[in-house]
Amino acid sequence: MSEVRVRMAPSPTGDPHVGTAYIGLFDMAFARHHGGKCVLRIEDTDRERSSKESEEAIYRALRWVGIQWDEGPDCGGPYAPYRQSERSHIYKRHALQLVESGAAYYCFCTVERLARMRQAMQKRKSPPMYDGKCRNLSADEVQSHLDAGERPVIRLKVPKEGETAYTDLIRKRGQQVVFQNRHIDDQVLLKSDGFPTYHLANVVDDHLMKITHVVRAEEWVNSTPKHILLYKAFGWEPPAYAHMPLLRNPDKSKISKRKNPTSLDWYRQNGYLPEALLNFLALMGFSAEKGKEIFSLETMIREFSWDRVTTSAPIFDMKKLEWLNGTYIRQLSIDELIERLRPFASVGQLDQGEKTAKMVAIIQERMKTLAEFDKWTWFFFTDELDYGAELLVAKKMTPETTAEALATCVPAFKAVDDWTTEALERLGRELCERLGLKVRQLFMTLRVAVTGSAKSPPLFESMEIMGKDRCLARLETAQVKLEQVN
RNA sequence: GGCCCCGUCGUCCAGCCCGGUCCAGGACACCGGCUUUUCACGCCGGCGACACGGGUUCAAAUCCCGUCGGGGUCACCA
C-alpha cells in the first residue's frame, strides 16, 4: 500500500460534535497503524451556518480529547489551503470542466419549481428526484438564460442506465454495495452562489489532497455512488471507503443533542477525562484483543484492523462512560488528579498542600466525574451545615440517647492532642464501648455532625483534614440542634 | 414509500469469513452476598441473547433463501 492518507472533514456549524471525535479516532488509529498521515479539512461551504468560532471550537475540542492531525488549516501542509471556503476557485474550475466535457450541465430551475416538483412526486409516491428539465438544454438556450441574468447551478449528468458499485472496508464482508444508476439523482455540484456542494468539494479535495481512504459515518453510503461517478467523470481513481456505524440515542435514532449530550465541550465541562471518552468511543465499534475493555490510544493504534470494527450502530451508553471515567480517575496519581480537578474547584480549595492531597485521596475512589468534586468535599469549605437534627439520630437511637452520647464525646475529643486519623478512630471505638453503642450508631451521629450528611468520605480522615477546632464546633452545633428538637 | 445498511443478553463487545471445542464468553447496568464507620472501591455469585421461518449438513449463532424488525438516506445542509 502506498502511503495511507486519511482526512477528518468537520463542518464548523455549532458545537464540536462527539461524532467528529469518533470518526477522527478511527481515522487516526487506522492511519497511524500504517504510518500514514491524517489531514484536518474544514468543510465550511455552507456560508449560512459556518462560523469562525465553531472552527476554533473544533480545534480546541479535538486537541482536548487527544485527536491529532498532520496537516490542517492551523498547521498548514503541502496541499494547503485546508479550509474549503478558501478553495472556491478550484471547485468552480472543476465544475466548469465537467460542463465542458458534457459530464455536467447548467440548471436554471428555481428553488420554487424544484419544491413544487418534489411535492408532486411525493404525492405520487415516487422518490423525489430532479426531472431533468435542464439536462439537455442547447448551447443557445443556456446562453439566453445567462443573458437574462439567471444564476444557474451545475448538476452532474448521472447515466440513466447501468449500476455503480463499490467495496466497503467495514460492511458487506467485502461484497460490493451496488446501486442502480436510475436511482441516483442529478446531484447539484455548484450552487448558484458559486460555492460547491459537499459532493463536489469533497471529491475534488480528496483527490487533490491524495486521500487514499475515506472514513466517514454510515449516513454517507447513499452518496458514495454519486462520488464514484464524479471521480469517473474527472477520470480519477476513487479512494477506498470505510463507513463507520452511526452513534445512536437510547431510542435508536441517529445521535442528536436533543436526546444525548453531543458536544465535546459538554463532556469536558462535566468532568469527563479525555482519555476515558476516547476509550469509550473506541469501545463503540472497535474491540481490542483478548477482550480488553480499558486500553489506550496507543494500544488501539497497534491492534487496529477494519476486521475488528463492527457494522451495527451502537447506542451511546452514558452509564458505561461514567464507569469508565471512574476507573480512569482512580488510575490517576494524587498530584495528577489535583491538577485535573482545578477547573472544578474554587480558588484556594486545592492549595492547601498536604491537606489537599489527603482530601483528594479519600474522594478519588468515590468520584465518577471530576465535576463531583463539590458533591464530595463541600463540607470542608463551609461551616454552614444545613441538615435536619433527625439525621443525627442513628438506628435504634433516640434524640435523648444521641444527646447523651454527644455529651460524652465532646469533652473526650476536646482532650485529644494528637489529632490524627488513627488516634481519632481509636478514641471513637473506645467511646463506643464506654457508651455501649454499636460502632455504626455512634459513628453515624459523628458523621452527620461533622459532614452534614449520612453519605460522606471516611469520617476520621475527614476530621483530621478539617482540624480540631472546626470539628469541635460542629459537634457542639449538633448538640444545639438536638436540644431544639427535644 | 423507493433505495441502502444492519439484526447475539436491557446496553456495548467476542464468536460468524475458515460449520462441531457455544445447552454461546466478557464488560456496563440490575439483583444478591462478602468486606466495611456511611457512601464508594474491591471481591464473589445471580439474572439475561443467537429476531422468525425454511433449507444445506451427521452437525448451524456460524453457509443459502425468505420474512419480520431497526436504522440511514432521498436539499442550491453537510
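Sequence lines set the chain letters: A, B, ... in the order given, protein chains first and strands last, and positions in each chain run from 1.
- Under 4.0 angstrom from either OP1 or OP2 of B/C77 there lies at least one side-chain N or O belonging to A/K191.
- Taking only side-chain nitrogens and oxygens, A/R216 never comes nearer than 4.0 Å to OP1 or OP2 of B/G72.
- What separates CG of A/L321 from P of B/A27 is a distance of 19 Å, to the nearest Å.
- Judged by distance alone, the side chains of A/N249 and A/S256 do bring a donor and an acceptor atom under 3.5 Å apart.
- Nucleotides of RNA chain B nearest to A/D307 and A/F108 differ in position, and the one nearer the 5' end is that of A/D307.
- Taking the C1' atom of each, B/C16 and B/C64 are spaced 14 Å apart, rounded to whole Å.
- A/N325 meets the side chain to side chain donor-acceptor pair (under 3.5 Å) test with no other residue; sequence neighbours excluded.
- Within the cation-pi definition used here (under 6.0 Å to the ring centroid, within 45° of the axis), A/K290 does not qualify as a partner of A/F295.
- When the side-chain nitrogen and oxygen atoms of A/T45 are compared with OP1 and OP2 of B/A78, one or more of them lie within a distance under 4.0 Å.
- Counting only Watson-Crick or G-U wobble pairs whose defining distances are both under 3.5 Å, the stems of 3 or more consecutive pairs in RNA chain B are B:1-7 with B:68-74, B:10-13 with B:25-28, B:30-34 with B:42-46, B:51-55 with B:63-67.
- Looking at every heavy atom in both residues, A/P457 comes nearest to A/F379 through CD-CE2, 3.6 Å.
- Using C1' as the reference atom, B/U62 and B/A24 are 11 Å apart when rounded to the nearest Å.
- As judged by a 4.0 angstrom heavy-atom cut-off over every strand, A/T13 is placed among residues making no nucleic acid contact.
- Considering OG1 of A/T197 and CG of A/N202, their distance stands at 9.0 Å, rounded to 0.5 Å.
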Atom pairs, N/O to N/O, protein against nucleotides 48-52 of chain B, distance under 3.5 Å?
none

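- Proximity of A/S192 to the phosphate of B/C76: no side-chain N or O atom is located under 4.0 Å from OP1 or OP2.
- More than 12 heavy atoms of other residues, nucleotides or ligands lie within 6.0 Å of NZ in A/K191, so this atom counts as buried by the packing criterion.
- Here, B/G25 and B/G20 have their P atoms 16 Å apart, quoted to the whole Å.
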**Complete:** Under a 4.0 Å heavy-atom criterion, the protein footprint on nucleotides 3-12 of chain B, written with B, S and -, is SSBSS---SB
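- Annotation: B/A27 and B/G45 have their P atoms spaced 10 Å apart (nearest Å).
- Applying the ring pair (Phe, Tyr, Trp, His ring centres under 6.0 Å) rule to pairs touching residues 112-133 of chain A yields nothing, sequence neighbours excluded.
- Following rounding to the nearest Å, A/R113 (CZ) and B/A75 (C1') show an atom-to-atom distance of 15 Å.
- Within the nucleic acid shown, A/V188 comes within 4.0 Å of sugar-phosphate atoms alone, with no base atom in reach, counting heavy atoms only.
- Within residues 152-164 of chain A, the residues that place at least one heavy atom under 4.0 Å from RNA chain B are, in residue-number order, A/V153, A/R155.
- Rounded to whole Å, the separation between the C1' atoms of B/G10 and B/A49 comes to 10 Å.
- Within a 6.0 Å radius of CZ in A/R470, other residues, nucleotides and ligands contribute more than 12 heavy atoms.
- For the pair A/Q119 CD and B/A75 P, the computed distance is 13 Å after rounding to whole Å.
- The aromatic rings of A/W306 and A/F30 are tilted relative to each other, their planes meeting at an angle between 30° and 60°.
- Scanning for ring-ring contact (aromatic ring centres under 6.0 Å, His included) contacts around A/W220 gives A/Y198, with sequence neighbours left out.
- The side-chain hydrogen bond (donor to acceptor under 3.5 Å, both in side chains) pairs that include a residue from residues 439-464 of chain A are A/K358-A/E464, A/T421-A/E464, A/R447-A/S456, where partners are two or more places apart or lie in different chains.
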**Base versus backbone protein contacts along nucleotides 36-45 of chain B [heavy-atom cut-off under 4.0 Å; B, S, -]** = -BBBBSS---
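- Pairs engaging residues 167-177 of chain A under the salt bridge (charged side-chain N to carboxylate O under 4.0 Å, His left out) rule: A/R171-A/E218 [sequence neighbours left out].
- Sorted by first and then second residue, the pairs that involve residues 308-322 of chain A and meet side-chain hydrogen bond (donor to acceptor under 3.5 Å, both in side chains), not counting sequence neighbours, are A/E293-A/K320.
- Taking atom P on both B/C9 and B/C5, the two are 22 Å apart, rounded to the nearest angstrom.
- One distance of note links SG of A/C409 with CG of A/L431; it measures 4.5 Å at 0.5 Å rounding.
- The ring-ring contact (aromatic ring centres under 6.0 Å, His included) test applied to A/F373 returns no partner, not counting sequence neighbours.
- Here B/G2 presents its C1' atom at 10 Å from CZ of A/R182, a figure rounded to the nearest Å.
- The interatomic distance linking A/M129 (CE) with B/G1 (P) rounds to 19 Å, in whole Å.
- One atom, CD1 of A/I255, and another, C1' of B/G72, lie 15 Å apart when rounded to the nearest Å.
- Residue-environment remark: NZ (A/K468) exceeds the threshold of 12 foreign heavy atoms within 6.0 Å.
- The gap from the C1' atom of B/C12 to that of B/U73 amounts to 26 Å, rounded to the nearest Å.
- Between the side chains of A/H243 and A/T224, at least one donor N or O sits under 3.5 Å from an acceptor N or O.
- Here the separation of B/G48 from B/C43, taken at their P atoms, is 24 Å to the nearest Å.
- With a 6.0 Å radius and a threshold of 12 heavy atoms from other residues, nucleotides or ligands, A/K292 has its NZ atom above the threshold.
- In this entry the distance linking OH of A/Y328 with C1' of B/A27 reads 14 Å, nearest Å.
- Here the C1' atom of nucleotide B/G71 and the NZ atom of A/K254 are 11 Å apart, to the nearest Å.
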